[in-house]
Amino acid sequence: MGEASTQDKSARTTAQIEADIERTRDRLASTLDELAVRVHPSTISAQVKAKAAAAVEEKTARAYVAASGVVEKVRAQFVDEKGQPRRERVVPAALVGVGLVLLVASARKRRKG
């Protein structure tokens with residue numbers, strides 16, 4: 001088998017060898033161009049930016065899901081299963097809110113006066 005392979009190689013014409021060399025050069029040039037693009041600072045920068053954006057988006061999504069869960073838990077404290085407000089909880093919470101607003105307003109009034 002080695003002998004037939006040697007004969008095939010020796011039977012090749014100069015034009016065939018030159019064509020093989022040209023194809024190899026083209027592949028090498030293409031590979032070098034691809035490597036140049038991969039290591040170019042703008043390519044690396046774009047990849048880093050894309051990874052950072054993806055990480056921020058993932059964290060934002062997780063925070064949104066967590067906040068939605070908290071909001072739903074708080075909502076459940078003030079609304080019954082039918083969606084009606086629970087007055088026994090809404091009224092005290094509203095009074096506390098009004099009291100806090102009045103407290104902040106009086107504190108600001110004292111600072112100015």
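Count residues from 1 along the sequence.
- Under a 3.5 Å cut-off, the side chain of S30 and the backbone N or O of D26 do not form any donor-acceptor pair.
- Taking each heavy atom of Q77 and R89 in turn, the nearest pair found is O-CD, 2.8 Å.
- Residues meeting the side chain to side chain contact (heavy atoms under 4.5 Å, CB included) test with R62, sequence neighbours left out: E58.
- With contacts defined as side-chain heavy-atom distances shorter than 4.5 Å, the pair R25/I21 qualifies.
- Distance check: I17 CD1 to E22 CD gives 14.5 Å after rounding to the nearest 0.5 Å.
- In this structure a side-chain-to-backbone donor-acceptor pair under 3.5 Å is missing from S45 to P41.
- Between R86 and E81 there is a salt bridge, since a side-chain N of the basic residue sits under 4.0 Å from a carboxylate O of the acidic one.
- For E57, the CD atom sits in a loose shell: 12 or fewer heavy atoms of surrounding residues, nucleotides or ligands are nearer than 6.0 Å.
- Nearest heavy-atom pair across R87 and P92 is O-CD, 3.9 Å.
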field: Stepwise side-chain contact (heavy atoms from CB on, under 4.5 Å) test for I44 and R38
entry: CA-CA 7 Å; I44 294 170; R38 285 184 184 182; over 6 Å; no
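- Looking at heavy atoms from C-beta onward, T13 lies out of side-chain contact with E18 at the 4.5 angstrom threshold.
- V90 has its side chain within reach of P85: a pair of non-hydrogen atoms, C-beta onward, lies under 4.5 Å apart.
- In the hydrophobic clustering (ILVMFWY side chains linked at under 4.5 Å, chained through shared members), V91 is joined by L95.
- By the 4.5 Å heavy-atom criterion applied to side chains, L35 and V39 are not counted as neighbours.
- Between the NZ atom of K73 and the OG atom of S68 there is a distance of 12.0 Å, given to the nearest 0.5 Å.
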